[in-house]
Amino acid sequence: MDAKKVLENLKQRFPNEPEYHQAVEEVLGTIEEEYNKHPEFDKVNLIERLCIPDRIYQFRVTWLDDKGNIQTNMGYRIQHNNAIGPYKGGIRFHKSVNLGILKFLAFEQTFKNSLTTLAMGGAKGGSDFSPRGKSSAEVMRFCQAFMLELYRHIGPDCDVPAGDIGVGGREVGYMFGAYKKYTREFQGVLTGKALEFGGSLIRPEATGYGTVYFLRAMLKTKGMEIAGKKVLISGAGNVAQYAAEKVLQLGGKVMTMSDSDGYIYDPDGIDREKLDYIFDLKQVQRGRIKEYVDQYPSAKYVEGQKPWFEKADIALPCATQNELNEEQAKALVANGVIAVAEGANMPTTPAAIKVLQDAKVLYSPGKASNAGGVSVSGLEMAQNSQRLSWTSEEVDAKLLWIMENIHDNCVKYGTEPDGYVNYVKGANVAGFMKVAKAMMAQGVF
Ligand code: NDP
Ligand code: 2IT
């Protein structure tokens, strides 16, 4: 393949999808060499069949708001690739959601899921519905309306959705209830469920914990540890909260958290008690991060900015795509950052990745370091199939093993002649080869 040509062709056929183009470009740029060692791949045009989703469902979602108005949103499910297992990936509810963003996420998910060692293909779905400012009754009616279309296309051996931005335990519960009502079947068709109806212990924690397990493995290659390090975290949602918790458990100091309006910086560090306040603020009160400074006045709130200009040893972007740009990466490097581990999907822009890699910073792409979430989703599917529940120790030990195994694979496939580990290349090559071999064995579709 000629990566540039493949990309140009995709851009022409699918214009106005910049995030999808960005994700494809990053993968093609790093797997081209390995791909071209296998002429049998090109003979069956494997690359196009891997870049273009198997199928896309698009539908209108109609729901009733609390004032009695009828509202419409768009709903989507992208089933990207099921060569190694049932389609699997989260659902995002956010006003920014569009087809291009979900295509990038489904594409990335395919490689991420391959890295986990579990049998899961790649998918993603969502809606431009924003739960922000909506009542729980409105969220429930929306979830029921969304599932009224989606339920026909998913199933425990076909496609298993989960949470993502704007979709947590509450939304998964409502969607599960709707699926059960429409189909009259109690199935492990979603992951991230509550414990009472088939959820797994450690699933809420898994993405954040896994990101920090991966970070720890990266630091270990340099003989360093998390204890004593200052850490910048963006986001204040599921991934950010549990990344912060694990950093604290391992003796690190969390300096920042953020939401889409701004960030807070606490010069004394966000300790356990303060993190409990954030858990309550975000999960129960559904408040904004700026309220933190009313509670802890020695902290500052910076409106409309990202936390990356603050000085620290480690950065964990855990909010959303393209939230760390070139200028911000330069500031991190100038401030002596040692490691950047992505909890979010594609939070670092291509130009920023180049800055970090040129400076030989330890840098891991989301598809490697945030794979803990979908991994424990895979373990939830296994428990549902067995109709058993495992202990938290058991699940956490498996999560740790998976994260360290992904790290080892990145080192195996990504180490450059000077010894620097290119985790982007390592993750892409390792993730790609498994899917490619499975596709080759299964014939041309
Ligand atoms: P949540 O909805 O729980 O939290 C998202 C956080 O990011 C919030 O603080 C939100 O702020 C902020 N955010 C969302 N959109 C934007 C935006 N456009 N600009 C700035 N900030 C924004 O989501 P998660 O924590 O679950 O997801 C965070 C990231 O991690 C996403 O990239 C997701 O794809 C990825 N991820 C999630 C996994 C999971 O298991 N949940 C697994 C692997 C990856 P606000 O409240 O203002 O919207
Ligand atoms: O991006 C992701 O890996 C997720 N949102 C989790 C997907 C899942 O199926 O648990």
Side-chain angles (χ1 to χ4, degrees), residues 19 85-97 101-102 104-113 115-116 118 120-126 130-133 154 159-172 189-193 199-200 202-211 214 233-244 257-264 278-279 281-283 286-290 304-307 316-324 342-348 365-381:
E19 292 86 0
Y87 299 109
K88 179 84 194 89
I91 290 185
R92 177 176 292 192
F93 291 165
H94 193 269
K95 62 180 184 322
S96 64
V97 162
I101 288 179
L102 295 179
F104 116 64
L105 288 161
F107 175 79
E108 289 282 286
Q109 197 80 46
T110 301
F111 299 93
K112 182 194 306 190
N113 293 3
L115 289 169
T116 66
L118 304 172
M120 298 182 290
K124 202 84 187 190
S130 171
R132 185 168 164 181
I154 60 176
D159 182 358
V160 183
D164 193 77
I165 290 177
V167 177
R170 176 181 64 172
E171 291 74 18
V172 168
V189 71
L190 287 146
T191 59
K193 302 184 290 297
S200 176
I202 308 291
R203 177 63 189 89
E205 294 87 346
T207 312
Y209 278 20
T211 301
F214 196 94
I233 297 182
S234 67
N238 171 265
V239 180
Q241 288 170 24
Y242 287 103
M257 291 186 78
S258 71
D259 59 26
S260 48
D261 298 331
Y263 76 91
I264 53 120
I278 293 176
F279 273 86
L281 175 70
K282 300 306 290 183
Q283 292 185 19
R286 298 190 182 267
R288 307 301 300 162
I289 200 67
K290 71 174 173 203
Q305 298 289 324
K306 312 279 182 201
L316 304 178
C318 296
T320 192
Q321 65 274 1
N322 293 327
E323 55 158 326
L324 200 175
E342 294 185 347
N345 285 307
M346 209 168 77
T348 314
K367 66 169 76 71
S369 45
N370 75 30
V374 76
S375 297
V376 175
S377 277
L379 302 178
E380 183 172 330
M381 289 165 70

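When reading the values below, keep in mind they use all heavy atoms of this one structure, side chains included, and skip hydrogens, waters and symmetry mates. Every number for a ligand or one of its atoms is a count from 1 in the order of the listing.
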Checklist entry - How far does CE of M381 sit from CG of L190, to the nearest 0.5 angstrom? => result 11.0 Å
Checklist entry - Distance from L379 atom CG to T191 atom OG1, nearest 0.5 Å? => result 10.5 Å
Item to check | Heavy-atom check, side chain of V160 versus side chain of I154, under 4.5 Å | outcome: no
Checklist entry - Considering only heavy atoms of G166, which atoms of ligand 1 have at least one such atom less than 4.0 Å away? => result 2 (O)
Next on the checklist: Give the residues near ligand 2 by chain and number, with the criterion being a heavy-atom distance under 4.0 Å.
Outcome noted: K88, G89, G90, Q109, K112, K124, A162, G163, D164, R203, N345, G373, V374, S377
Checklist entry - So is R203 polar-close to ligand 1, meaning N/O to N/O under 3.5 Å? => result yes
Checklist entry - Looking at ligand 1, does S258 have a heavy atom less than 4.0 Å from it? => result yes
Checklist entry - Quick one: which of A319, G235, G237 has a heavy atom closest to atom 28 (C) of ligand 1? => result A319
Next on the checklist: Just verifying a value: how many Å separate D259 CG and T320 OG1, rounded to the nearest 0.5 Å?
Outcome noted: 12.5 Å
Item to check | Sub-4.0 Å atoms of ligand 1 with respect to non-hydrogen atoms of N238 | outcome: 3 (O), 25 (O), 26 (O), 41 (N)
Checklist entry - Is the shortest distance from a heavy atom of H94 to ligand 1 less than 4.0 Å? => result yes
Next on the checklist: Treating T110 as the side-chain partner and A106 as the backbone partner, does any N or O pair qualify as donor plus acceptor under 3.5 Å?
Outcome noted: yes
Checklist outcome for this item: Of V374, T191, N345, L105, the residue with the heavy atom nearest atom 36 (N) of ligand 1 is N345
Checklist entry - side-chain hydrogen bond (donor to acceptor under 3.5 Å, both in side chains) with E342: which of N370, T348, T211? => result T348
Checklist entry - Ignoring hydrogens and geometry, is there a side-chain-to-backbone donor-acceptor pair from Q241 to A236 under 3.5 Å? => result yes
Item to check | Distance, nearest 0.5 Å, that separates CD1 of I101 from CE of M346 | outcome: 8.5 Å
Checklist entry - Relative to the heavy atoms of C318, which atoms of ligand 1 are at a distance of less than 4.0 Å? => result 28 (C), 29 (C)
Checklist entry - Under 4.0 Å from atom 42 (C) of ligand 1, is there any protein heavy atom? => result yes
Checklist entry - Under 3.5 Å, side chain of S258 to main-chain N/O of G235, donor-acceptor pair present? => result yes
Checklist entry - In the protein, what heavy atom is nearest to atom 22 (C) of ligand 1, and what distance, to one decimal place, separates them? => result S260 CB, 3.9 Å
Checklist entry - Mind checking whether M257 has a heavy atom under 4.0 Å from ligand 1? => result no
Checklist outcome for this item: shortest atom 39 (C) of ligand 1-to-protein heavy-atom contact is with T207 OG1, 3.4 Å
Next on the checklist: When you compare the side chain of R286 with that of P131, does any pair of heavy atoms fall below 4.5 Å?
Outcome noted: no
Checklist entry - Which heavy atom in V189 sits nearest to a heavy atom in P161, and how many Å separate them? => result O-CD, 3.2 Å
Checklist entry - Just by modelled atom types, is the G373 backbone N or O under 3.5 Å from a matching donor or acceptor in the R203 side chain? => result yes
Checklist entry - Short N/O distance, under 3.5 Å, between A236 and ligand 1? => result yes
Checklist entry - Based purely on interatomic distance, does R288 place a nitrogen or oxygen under 3.5 Å from a nitrogen or oxygen of ligand 1? => result yes
Checklist entry - At a non-hydrogen distance cut-off of under 4.0 Å, which region of M346 contacts ligand 1 (side chain, backbone, both, or neither)? => result neither
Checklist outcome for this item: Check: of T320, T211, V376, min heavy-atom distance to atom 19 (N) of ligand 1 comes from T320
Next on the checklist: Regarding ligand 1, does V239 bring an N or O atom to under 3.5 Å of one of the ligand's N or O atoms?
Outcome noted: yes
Checklist outcome for this item: for atom 27 (O) of ligand 1, nearest protein heavy atom and its distance come out as I165 CG1, 3.7 Å
Checklist entry - With a cut-off of 4.0 Å, which atoms of ligand 1 are near a heavy atom of R92? => result 31 (C), 32 (O), 33 (C), 34 (O)
Checklist outcome for this item: Quick note, salt bridge (Lys or Arg N to Asp or Glu O under 4.0 Å) partners involving residues 365-381, not counting sequence neighbours, are E26-K367, E108-K367, K193-E380
Item to check | Taking every non-hydrogen atom, the tightest pair across K282 and G287 | outcome: NZ-O, 2.9 Å
Checklist entry - Is the closest heavy atom of G168 to ligand 1 under 4.0 Å? => result no
Checklist entry - Given K290 and D261, is the salt bridge (charged side-chain N to carboxylate O under 4.0 Å, His left out) satisfied, shown in steps? => result CA-CA 8 Å; K290 71 174 173 203; D261 298 331; 5.9 Å; no
Checklist outcome for this item: At under 4.0 Å between heavy atoms, what of E323 touches ligand 1? The answer is neither
Checklist entry - Can any side-chain N or O of N113 pair as donor or acceptor with the backbone N or O of K88 at less than 3.5 Å? => result yes
Checklist outcome for this item: Ranked by distance from atom 33 (C) of ligand 1, the top protein heavy atom is D164 OD1, 3.2 Å
Checklist entry - side-chain hydrogen bond (donor to acceptor under 3.5 Å, both in side chains) with N345: which of R92, K112, Q109? => result K112
